[in-house]
Amino acid sequence: MEIKQKKRSEIPAQYKWNVTDLYPTIDHWHKAVEELEAHTEELQTFEGKLTTGEAILACLNQKCVADQVNNVVYLYAYLHKHTDRTNADALAMTDTVDGLESDYEEAAAFIEPEILKLDEATLRSFIANTPGLEVYEHYINDLLRKKAHILSTEMEELLASASEMADAAENAYDAVVEEDLDFGHITDENGNSVEVTESNYSKFTESADRRVRKDAFEAYYDAYQKSSNLHASLRASCINKDMFFAKARKYPSTLDAALYENNIPRTVYENLIATVNEFLPVFHRYNALRKKALKLDEYHVYDRSAPLVSDIDTKIPYEEAKNLIVEGLAPLGEEYLTIMKSGIESGWVDVYEHEDKSGGAWSWAEAGAHPYVMLNYSDNFFSLSEFAHEMGHAMHSYYTHATQPHIYEGHTPFTGEVASTVNDALMAKHMLATVTDPKTRIHLLDQHIEQFRGILFHQTMYAEFEMETHRLAEEDESLTLEVLNKTWRDLLVKYNGPDIVIDEKADFGWAVIPHFFFSFYVYQYATGYAAALAFASRLQSGDPQKREDYINFLKSGESDYSIELLKKAGVDMNTPTPIREALKVFEGLVDELERFI
């Protein structure tokens, strides 16, 4: 019997996000598009006139207004696409906003070069003597820091106009993965024919039936492998794009370019890789424990998420999950919980997988709108963790948007992953603290350790892969399919140790990581996890000042550099200490698991 996915129309309204909170009808969206075009034209009237404090203030205020309209117009279009990837109207809307965004970025390209034509003393005088301009002081300070890498107006316009072309590899990858890949069907534990999708693949890898795990693994990787040369070409194209922009902006390397944007010292990236590598023997010991617990002669890649115990009820329906995250996140305080619960019940969350819905889980928030959270909830601990994680993102945005002026309403990726991962850590600690049954405790211990595997170890491995492949390209090495596969395999062997069989299909694992199109992004999951564990420990102390420090961090947006925002809240990522302390927590969990096995 074949089990088919539900249609969106079959999902009850309370489990779908409410896009009418953005625009009541599509006609209102079209009107906003027209407003954006008008705002863009208004912004262009400032070109060539940024010679006084008053002109700079008016221009930046206008840019903030246009930014907000642009962002919400963009959000509305893509929310429709992600809930119906085959809908022609939604696809047309996203094409429209992609073009508008490119036009808008090109129209705004003059601003930073014009401001930087003025000398620093003049800008300081403008800030001191123009009421209202002081709001933009950190923004202008950051421009001055980046001055050597900001080009002429003509060059900035040229780079902005190339943005759509620069995104071609990522767009092609998305089209292949979302529309062309067919993972086929496998037979589940009950003899049903079920379709494998991006959304449900992880569920099959967690099956107690090894045949199901293996079949799902092979179906998933076979689909990617059929277009392996295309994926290699897209990966190489993305890295070539990174090199082009790094060279155009006069950075010594692609890594330096990526880190410089948010003023992250290179040592942070290097400390992460070096410190995680120190603890690889502990990770190898964990793999050996899993192999022993599962009683396997050979422990394969597709066994990594297999349950260590059976005959326990690990089912967590969504309605129960809502209660659990309120309990688990209690250290964040009543105000946080009240806002979060209200959001969950009022259209922030799109809960269940259905036909033609995008896979995965994420949060998207823009100033002027409440956050939106995408789930594909599967009634298990992993989905519970994803739910808490994405609500962390949503609440981070909520607090920032309620506090900061528009110019600082975003989050850098370095801080953006902290708030979500604090929720992960609090949930894991809550679940472990409330369970005494040995079998269930083994399961939860393993699930918590799996967070470390997926976030701290795997994301660091991905970061090392990015650093190595960019280095090879910068040294004129051709990034062929064979080179990419070998680089990935060597890292898989190093990170996973001798007790796991690296299946040949796993060599192609780099191609299934969409985040590689956001170059040098993934390391921030690992650094964010380390910072989050430090914050979680502070929150669980019950100290009201530490909770206030953390909430103030959530409110801070981009009002200062990421490293400084974390440091003000009590966590210093300039040192490897938070990473090492997180890895010691991991070692303690492995020690406890070993006592059960």
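Keep in mind that the numbers below use all heavy atoms, side chains included, and drop hydrogens, waters and symmetry copies.
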Thinking salt bridges, do Glu206 and Lys203 make one under a 4.0 Å N-O criterion? no
Contact summary for Ala160 and Ser102, nearest pair of heavy atoms: O-OG, 4.1 Å
Please test Tyr372 against Asn18 for side chain to side chain donor-acceptor pair (under 3.5 Å), starting from the C-alpha separation and ending with a verdict. CA-CA 9 Å; Tyr372 285 84; Asn18 188 356; 6.0 Å; no
Heavy-atom donor-acceptor pair, Ser342 side chain to Ile339 backbone, under 3.5 Å: no
Would you please indicate yes or no on a ring centroid separation below 6.0 angstrom for Tyr139 and Tyr408? no
Under the salt bridge (Lys or Arg N to Asp or Glu O under 4.0 Å) test, residues paired with Asp350 that sit two or more places apart: Arg8, Lys357
What about the rings of Tyr462 and Trp488, do their centers lie closer together than 6.0 Å? yes
Where the side chain of Gln404 meets the backbone of Lys555, is there a donor-acceptor pair that is under 3.5 Å apart? yes
Tell me whether the centres of the aromatic rings in Tyr561 and His138 are closer together than 6.0 Å. yes
With no hydrogens and no angle check, is any side-chain donor or acceptor of His389 less than 3.5 Å from a backbone partner on Ser385? no
Among Glu156, Glu261, Glu112, which residue satisfies the salt bridge (charged side-chain N to carboxylate O under 4.0 Å, His left out) criterion with Arg249? Glu156
Check whether Asn423 reaches the backbone of Ala388 with its side chain - one donor and one acceptor, N or O, closer than 3.5 Å. yes
Would you call Asp27-Lys31 a salt bridge at under 4.0 Å N-O? no
Does the pair Glu450/Arg453 count as a salt bridge with the N-to-O cut at 4.0 Å? yes
For the backbone of Ala511 and the side chain of Tyr173, can you confirm whether one donor and one acceptor N or O come within less than 3.5 Å of each other? yes
Is there a donor-acceptor contact under 3.5 Å from the side chain of Arg145 to the main chain of Tyr260? yes
From the list Ser227, Ser228, Ser233, side-chain hydrogen bond (donor to acceptor under 3.5 Å, both in side chains) with His231 holds only for Ser227
Minimum heavy-atom distance Leu484-Phe465, with the two atoms named: O-CE1, 3.8 Å
Answer with yes or no after comparing the ring centroid distance for Phe535 and Phe553 against a 6.0 Å cut-off, counting only values under it. yes
May I ask you to decide if Leu554's main-chain N or O and Thr400's side chain share a donor-acceptor pair within less than 3.5 Å? yes
Are Phe387 and Tyr318 near enough that their ring centres are under 6.0 Å apart? yes
Aromatic ring centroids of Tyr525 and Tyr529 under 6.0 Å? no
Are Phe183 and Tyr201 an aromatic pair, judged by ring center distance below 6.0 Å? no
Is it true that atom OH of Tyr398 has more than 12 heavy atoms of other residues, nucleotides or ligands lying nearer than 6.0 Å? no
